[in-house]
K.L.:
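After the structure tokens below, expect a handful of questions from me.
For clarity, every value in this text was computed on a predicted model and none was experimentally measured.
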Amino acid sequence: MDSITQAALGAAVAGLVAGKKCSPKVLLAGAALGTLPDLDVLVSYGDPVSDMVKHRGFSHSILVLLLFSFLLAWCWQKWRATTFSFNQLWFLVAACLITHPLLDSFTSYGTQLLWPLSVSVAVSSIFIIDPLYTVPLLVVVAASLLWRRKMARLCGIGLAISSLYLLWSVIALNVIEDRVQSQLADTPMAGKPVFITPTPVNTLLWRVVVLDGDTYWEGLTSLLDDEVTIDFIAKERGQWKLEEKPQHLVMLEDFTRQFVKYEQVGNSLTVTDLRLGMVDYLPFQFVFATLEGDGTWSSALPVQLESPNVRPKHLPALWLRLLGNQNIDANLCHAKECSKPSKSDV
């Protein structure tokens, strides 16, 4: 999740755990602890693919954070005056740190909760920025600064509201999963890899991607749709053009669970993560190989391409599709205006 959300979550958790000992300083410390795991973005692993794959690694491991919280609580108690016992302080620090990766695991990116074990968790029920999750936390943290006698109680209320919304996101995901599986059953697409994720800043409109060899099918479905049938658009997935795959590509494919597409753009062979983003806004695109003058491909360390800017014309279409307008397809284009092949009966 974004840094503002993680800071608000950390502050609310600290306020609840501190109870009657809660104070503005405790909230500030909780906010800082809540953002601490994301400092791993400052670590460079030498190339953008490694930076992507290894983000949310050691710093998001529950095993590491439990040990680190013990060390941090010990140092705090040794060098700073505090009214908390060691056990209380350790629990407060651990709760603020660990709730960060637990929340991240509900997004689509992938969080290595048990690093160094190769276990990546991506529930994919909530977008990385969702105001309906964040705002209740921000409101109660601000309110607790005004009504300090009720700090812990207010923080608890905010956490309860946000947690219920997170639970709702999982329920909504299950509804969409049932809808997708029902449509794909008894079709050639049954059993194919499927990826489902909410579209930006909501849990009503969902993006569905189905891998089908050199093709992938993409569709949108909203909980407000009158018809549960999903109109899929066929898109070219492409193939890797070299005989051997470099280690970085294997690493990216494993990380994305094969949800990538290969595309020649000019003299460059790009590989794009299909899970994150939508339409033309797929932020993780990498150049893995270049075409030489003799017509052969040569691979090198991957280079990340700049993320495309969101075009304002797509925002009204996204809103209308969220509200249940099924004439708008996965390209956020009115069906009559688009010529892409589609398939609603896969």
K.L.:
Tell me yes or no: between the side chains of Y165 and T203, is some donor less than 3.5 Å from an acceptor?
P.N.:
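T203 and Y165 do have a side-chain donor-acceptor pair below 3.5 Å.
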
K.L.:
State, yes or no, whether a side-chain contact exists between H60 and L113 at a heavy-atom distance under 4.5 Å.
P.N.:
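Side chain of H60 against side chain of L113, heavy atoms only: no contact under 4.5 Å found.
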
K.L.:
Return a table of donor-acceptor pairs under 3.5 angstrom between the side chains of residues 260-272 and protein atoms on other chains or two or more places apart.
P.N.:
{"residue": "Y262", "atom": "OH", "partner": "E253", "partner atom": "OE2", "Å": "2.3"}
{"residue": "Q264", "atom": "NE2", "partner": "G266", "partner atom": "O", "Å": "3.1"}
{"residue": "T270", "atom": "OG1", "partner": "E263", "partner atom": "O", "Å": "3.0"}

K.L.:
Keeping T99 on the side-chain end and A95 on the backbone end, is there a donor-acceptor pair under 3.5 Å?
P.N.:
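At least one qualifying donor-acceptor pair exists.
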
K.L.:
Check whether R321 reaches the backbone of D329 with its side chain - one donor and one acceptor, N or O, closer than 3.5 Å.
P.N.:
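No.
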
K.L.:
Pairing donors with acceptors under 3.5 angstrom, does anything connect the side chains of N87 and S85?
P.N.:
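Note: N87 and S85 side chains miss the donor-acceptor criterion.
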
K.L.:
Answer yes or no: is there a side-chain heavy-atom contact under 4.5 Å between V279 and H314?
P.N.:
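A side-chain contact under 4.5 Å exists here.
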
K.L.:
Quick one: does N325's side chain have a donor or acceptor within less than 3.5 Å of a partner on L322's backbone?
P.N.:
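Checking the backbone N and O of L322 against the side chain of N325, no donor-acceptor pair under 3.5 Å is found.
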
K.L.:
With a 4.5 Å limit on heavy-atom distance, are the side chains of L72 and V93 in contact?
P.N.:
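Of all side-chain heavy-atom pairs linking V93 with L72, at least one is under 4.5 Å.
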
K.L.:
Please say whether more than 12 non-hydrogen atoms of neighbouring residues, nucleotides or ligands are located less than 6.0 Å from CZ in R311.
P.N.:
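It does: R311 CZ has more than 12 such atoms within range.
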
K.L.:
For the side chain of S182 and the backbone of R179, is there at least one donor-acceptor N/O pair under 3.5 Å apart?
P.N.:
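Judged by distance alone, no pair lies under 3.5 Å.
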
K.L.:
About how many Å separate CG of L16 and SG of C96, when rounded to the nearest 0.5 Å?
P.N.:
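Nearest 0.5 Å value for the SG-CG distance: 10.0 Å.
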
K.L.:
Could you tell me whether F195 and Y216 have their ring centroids closer than 6.0 angstrom?
P.N.:
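Judged by ring-centre distance (under 6.0 Å), F195 and Y216 do not meet the cut-off.
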
K.L.:
Ignoring hydrogens and angles, tell me if any N or O in the side chain of D47 forms a donor-acceptor pair with the backbone of S50 under 3.5 Å.
P.N.:
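Yes: the side chain of D47 pairs with the backbone of S50.
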
K.L.:
Counting distance only, does the side-chain N/O of Y109 pair as donor-acceptor with the main-chain N or O of I128 below 3.5 Å?
P.N.:
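Looks like no, no N/O pair under 3.5 Å.
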
K.L.:
Short question: side chain of D212, backbone of T215 - any donor-acceptor pair under 3.5 Å?
P.N.:
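Pair absent, no side-chain N/O of D212 close to backbone of T215.
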
K.L.:
Using every non-hydrogen atom in the two residues, find where F68 and L97 come nearest and quote the distance to one decimal.
P.N.:
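Scanning both residues, the minimum pair turns out to be CD2-CD1, 3.8 Å.
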
K.L.:
Parallel under 30°, tilted from 30 to 60°, perpendicular over 60°: which one fits the rings of F286 and F284?
P.N.:
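Parallel.
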
K.L.:
For the residue pair W206 / T197, report whether a side-chain donor-acceptor contact shorter than 3.5 Å exists.
P.N.:
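Looking only at side-chain atoms, W206 and T197 do not form any donor-acceptor pair under 3.5 Å.
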
K.L.:
Counting only heavy atoms not in K21, do more than 12 sit closer than 6.0 Å to its NZ atom?
P.N.:
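More than 12 heavy atoms, drawn from other residues, nucleotides or ligands, come within 6.0 Å of this atom.
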
K.L.:
Would you say CH2 of W297 has more than 12 non-hydrogen atoms from neighbouring residues, nucleotides or ligands within 6.0 angstrom?
P.N.:
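Atom CH2 in W297 is crowded, with more than 12 foreign heavy atoms closer than 6.0 Å.
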
K.L.:
Evaluate whether atom CZ of F91 has more than 12 neighbouring non-hydrogen atoms of other residues, nucleotides or ligands under 6.0 angstrom away.
P.N.:
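Not more than 12 within 6.0 Å, no.
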
K.L.:
Within the 4.5 Å heavy-atom criterion, are L211 and K192 side-chain neighbours or not?
P.N.:
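Of all side-chain heavy-atom pairs linking K192 with L211, none is under 4.5 Å.
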
K.L.:
So do L63 and W115 actually touch side chain to side chain, heavy atoms under 4.5 Å?
P.N.:
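No. Closest side-chain heavy atoms not under 4.5 Å.
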
K.L.:
How about CD1 on I4, more than 12 heavy atoms from neighbouring residues, nucleotides or ligands closer than 6.0 Å, or not?
P.N.:
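No, not enclosed.
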
K.L.:
Tell me, please, which residues at least two apart from L67 pass side-chain contact (heavy atoms from CB on, under 4.5 Å).
P.N.:
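Partners of L67 by the side-chain contact (heavy atoms from CB on, under 4.5 Å) criterion come out as none, since no residue qualifies.
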
K.L.:
Taking ring pair (Phe, Tyr, Trp, His ring centres under 6.0 Å) as the definition, give me every residue that meets it alongside F106, ordered by chain and number, with sequence neighbours left out.
P.N.:
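With neighbours one apart ignored, the set is empty.
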
K.L.:
Less than 4.5 Å apart, side chain to side chain, heavy atoms only: is that true for I196 and L173?
P.N.:
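Sidechains of L173 and I196: in contact.
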
K.L.:
Between Q77 (side chain only) and W74 (backbone N and O only), is there a donor and an acceptor less than 3.5 Å apart?
P.N.:
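The answer is no, because no donor-acceptor pair under 3.5 Å joins these two groups.
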
K.L.:
Do the side-chain N and O atoms of K54 and Q112 include a donor-acceptor pair separated by under 3.5 angstrom?
P.N.:
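Looking only at side-chain atoms, Q112 and K54 do not form any donor-acceptor pair under 3.5 Å.
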
K.L.:
Can you tell me if Q6 and D104 form a side-chain donor-acceptor pair at under 3.5 Å?
P.N.:
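D104 and Q6 do have a side-chain donor-acceptor pair below 3.5 Å.
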
K.L.:
Taking only residues two or more places apart in sequence or in another chain, which ones pass side chain to side chain donor-acceptor pair (under 3.5 Å) with S222?
P.N.:
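If we apply the side chain to side chain donor-acceptor pair (under 3.5 Å) test to S222, skipping adjacent residues, there are no hits.
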
K.L.:
Is it the case that S105 and T111 place a side-chain donor and acceptor less than 3.5 Å from each other?
P.N.:
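S105 vs T111: no donor-acceptor pair found between side chains.
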
K.L.:
For residues V26 and L92, determine if any side-chain heavy atom of one lies less than 4.5 Å from a side-chain heavy atom of the other.
P.N.:
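Yes, at least one pair of side-chain atoms sits under 4.5 Å.
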
K.L.:
Do NZ/NE/NH1/NH2 and the carboxylate oxygens of D40 and R56 come within less than 4.0 Å?
P.N.:
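The answer is no: the pair does not qualify as a salt bridge.
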
K.L.:
Please identify each residue that fulfils side chain to side chain donor-acceptor pair (under 3.5 Å) with R237, with sequence neighbours left out.
P.N.:
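With neighbours one apart ignored, the set is empty.
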
K.L.:
Among Ile, Leu, Val, Met, Phe, Trp and Tyr joined by side-chain contacts under 4.5 Å, find the other residues sharing a cluster with V139 and list them by chain and number.
P.N.:
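Traced through the cluster, V139 reaches V135.
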
K.L.:
Under the 3.5 angstrom rule, does the side chain of R207 hit a backbone N or O of G277 as a donor-acceptor pair?
P.N.:
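Yes: the side chain of R207 pairs with the backbone of G277.
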
K.L.:
If only atom types and distance count, is the side chain of S163 paired as donor or acceptor with the main-chain N or O of L159 below 3.5 Å?
P.N.:
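At least one qualifying donor-acceptor pair exists.
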
K.L.:
Give me the ring orientation class for F86 and F70: parallel if the planes are under 30° apart, tilted from 30 to 60°, perpendicular past 60°.
P.N.:
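It falls in the perpendicular class, over 60°.
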
K.L.:
Do D38 and H100 have side chains that approach each other closer than 4.5 Å (heavy atoms only, starting at C-beta)?
P.N.:
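Yes; the side chains approach each other to less than 4.5 Å.
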
